[in-house]
Amino acid sequence: MQEVLAVYTQRALAVIVRAYGTRRGGLAEHIEEAIESALRVAGAGPAGISFDRDEDTRLSDQLFRARRAGHDGIAIRLTALRALCAPVGGLDAADAQTVAFYMRAAAERPIAFEMDDADKTLPAFVVARPLDEVLRGEPEMEPEPEAEAVAETATEAEAEPEPEFDPRWREHVSALEAARGPQTLASFERLFVHSYLPLASAVDAGLGERAADLAREEFRRTFARAYADALPTFVLTGKRPRMVLDAYDIASKMARAHGARNAQVLLVDGMRYDVAARVVTRVAALSEGRAALVDRVTLFSALPSSTPRQLESLARGVEALRSAHDERDPEPMRDRTADTVRRMRIGSRDLFKLDSIETSLAAAGDAAHAALEDVSEDAARAIAKHLRAQGDRTLLFVFGDHGFRFERGAAKHGGASPEEVIVSGHAFLVGDLH
């Protein structure tokens, strides 16, 4: 506790986290929400545009906002960790990794992280065993004494180097496996961004680990079934996530919130969630000080996850979900036309559209996965060019209409997998922003 008190004297943001009432596997979200609540009370600004990239970026963003609010750091006091051991007598792997993350952060950043000494001796399930070993009743091997302190990293130390893959893929598997039962939308979105997408990308890049492949497929099947079942109820109950069909309303609200004179809506065909992160980062850099990235939102596509369906939903709103869609997905635009932002009419409103991602991935065929970096760069340059041509105080809302999945290296869409359904929207504000 002395370390925490030392940081308190430096005007740190005090965050008390009690584990009571937190679900197993949900400690990371619980701590993040506690920090966010403390930041709101302190009058800190909203999260930055890259807040949802990973846990390191989130913590950096929170530290930045704490400093802007007049604090020298963040002091976290975690209590009642034992509550997360029920009913199996030990901490979930994801919760143990969360504690380890904040412990490491305390050694490198202006973070103080303190917990009860008794809680540090709690059992933690961090070493996985193949299910077939359990079914055969094989005894669990005792680790070497020096390995007990680093059980969570022993497997990684013995594995062959994996420089081309996310080195935390085992953590992602654990997080997906721990996510059982109903979840809040915010919790699911975090799981999608921080665990599912990185794991799916590693598998698509050739990770070759059966546990990773099974975890990805199970999460994909569960989401696809649940979302397909829920979609027809959106019209009846009015309870639904923000969707692509809400793009015009979202852009209008963001324009008012940021004092823009007018708003434009730019649909980027096939811009998946993780591709959007690459694209908007490059657009911000290429805008040459002409615009700033000021807001973001997560969106869900209507089914089927195709451009004609999303255009129909933009034209008709939520009423479009009442009827089945006659799917005639047109051929993607070709030649230089696809690399240019063009204007079209959706009902009585204007829509700007960029087809370069969808066109380039279709043309790449089985090499689509390898083409992602070039495809993202081309889209970013086209958007930045359009952005620089806009008048001052214009808000440009850039969003994907659907994503895609990979099959043998080729990009496919139209299904209900998370990477096909979940996309994002980002707002740029043009002009002199001072």
Side-chain angles (χ1 to χ4, degrees), residues 1-20 22 24-42 44-45 47-48 50-85 90-126 146-154 156-157 166-168 170-172 174-175 178 190 194-195:
M1 192 64 183
Q2 290 180 347
E3 185 181 9
V4 176
L5 290 174
V7 179
Y8 277 136
T9 63
Q10 300 169 15
R11 296 184 298 117
L13 179 71
V15 180
I16 306 299
V17 182
R18 297 178 178 83
Y20 286 120
T22 306
R24 282 176 57 80
L27 183 60
E29 178 185 350
H30 190 54
I31 294 177
E32 289 168 18
E33 290 177 349
I35 296 175
E36 289 298 312
S37 177
L39 286 168
R40 286 193 293 270
V41 172
S50 60
F51 180 80
D52 282 334
R53 187 174 301 167
D54 54 43
E55 58 190 2
D56 289 306
T57 305
R58 286 198 303 280
L59 185 55
S60 295
D61 181 276
Q62 290 167 336
L63 283 167
F64 173 77
R65 287 185 285 148
R67 288 193 295 269
R68 291 289 295 269
H71 298 278
D72 293 332
I74 298 177
I76 303 170
R77 180 77 168 95
L78 176 62
T79 65
L81 192 58
R82 185 175 297 274
L84 294 183
C85 291
L91 288 177
D92 179 88
D95 292 336
Q97 289 156 0
T98 295
V99 174
F101 167 75
Y102 283 101
M103 284 290 192
R104 291 192 298 268
E108 302 169 355
R109 310 186 194 187
I111 290 283
F113 185 77
E114 185 65 20
M115 55 191 293
D116 296 336
D117 288 339
D119 286 347
K120 296 177 183 178
T121 64
L122 292 173
F125 300 106
V126 294
E146 62 271 18
E148 292 180 356
V150 290
E152 70 274 17
T153 60
E156 295 179 359
D166 188 328
R168 298 182 300 169
R170 292 179 182 84
E171 297 179 22
H172 302 322
S174 296
R190 287 192 182 94
H194 306 308
S195 297

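Just so we're clear, the structure is a prediction, and the values are computed from it rather than from any experiment. Basis for what follows: all heavy atoms, side chains included, without hydrogens, waters or symmetry-related copies.
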Quick one: closest heavy-atom pair of Leu13 and Ala42, and the distance? CD1-CB, 4.0 Å
Does Arg109 pair with Asp56 as a salt bridge, N-O distance under 4.0 Å? yes
In terms of side-chain geometry, is the basic nitrogen of Lys120 or Asp117 positioned less than 4.0 Å from the acidic oxygen of its partner? yes
For the atom pair NE2 (His194) and CD (Glu29), what is the distance rounded to the nearest 0.5 Å? 10.0 Å
What's the spacing between Ile111 CD1 and Arg104 CZ if we round to 0.5 Å? 13.5 Å
Which heavy-atom pair separates Ala19 from Ala80 by the least distance, and what is that distance? CB-O, 3.2 Å
Does a salt bridge link Glu55 with Arg190, judged by any charged N lying under 4.0 Å from a carboxylate O? no
Please identify which of these residues, Thr79, Leu78, Leu81, meets the side-chain contact (heavy atoms from CB on, under 4.5 Å) condition with Val17. Leu78
Determine the minimum heavy-atom distance between Val15 and Ala38, stating which atoms define it. CG2-CB, 3.9 Å
Approximate separation, where rounding is to 0.5 Å, of Tyr102 OH and Leu27 CG: 8.0 Å
On a heavy-atom basis, which atom in Arg18 and which in His30 lie closest, and how many Å separate them? O-NE2, 2.7 Å
Nearest-0.5 Å distance, CZ of residue Arg65 to NE2 of residue His71: 12.5 Å
Quick one: are Asp72 and Pro110 in side-chain contact, heavy atoms under 4.5 Å? no
Point-to-point distance, once rounded to the nearest 0.5 Å, from CE of Met103 to CD of Glu114: 7.0 Å
For Arg11 and Gly70, indicate whether the former's side chain and the latter's backbone hold a donor-acceptor pair under 3.5 Å. yes
Shortest non-hydrogen contact from Gly25 to Asp92? CA-OD2, 3.8 Å
Calculate, to the nearest 0.5 Å, the distance between atoms CG and SG belonging to Asp95 and Cys85 respectively. 9.0 Å
Please check: side-chain N/O of Ser37 versus main-chain N/O of Glu33, any donor-acceptor pairing under 3.5 Å? no
In terms of heavy-atom contacts, Ala34 and Ile16 come closest through CB-O, 4.4 Å
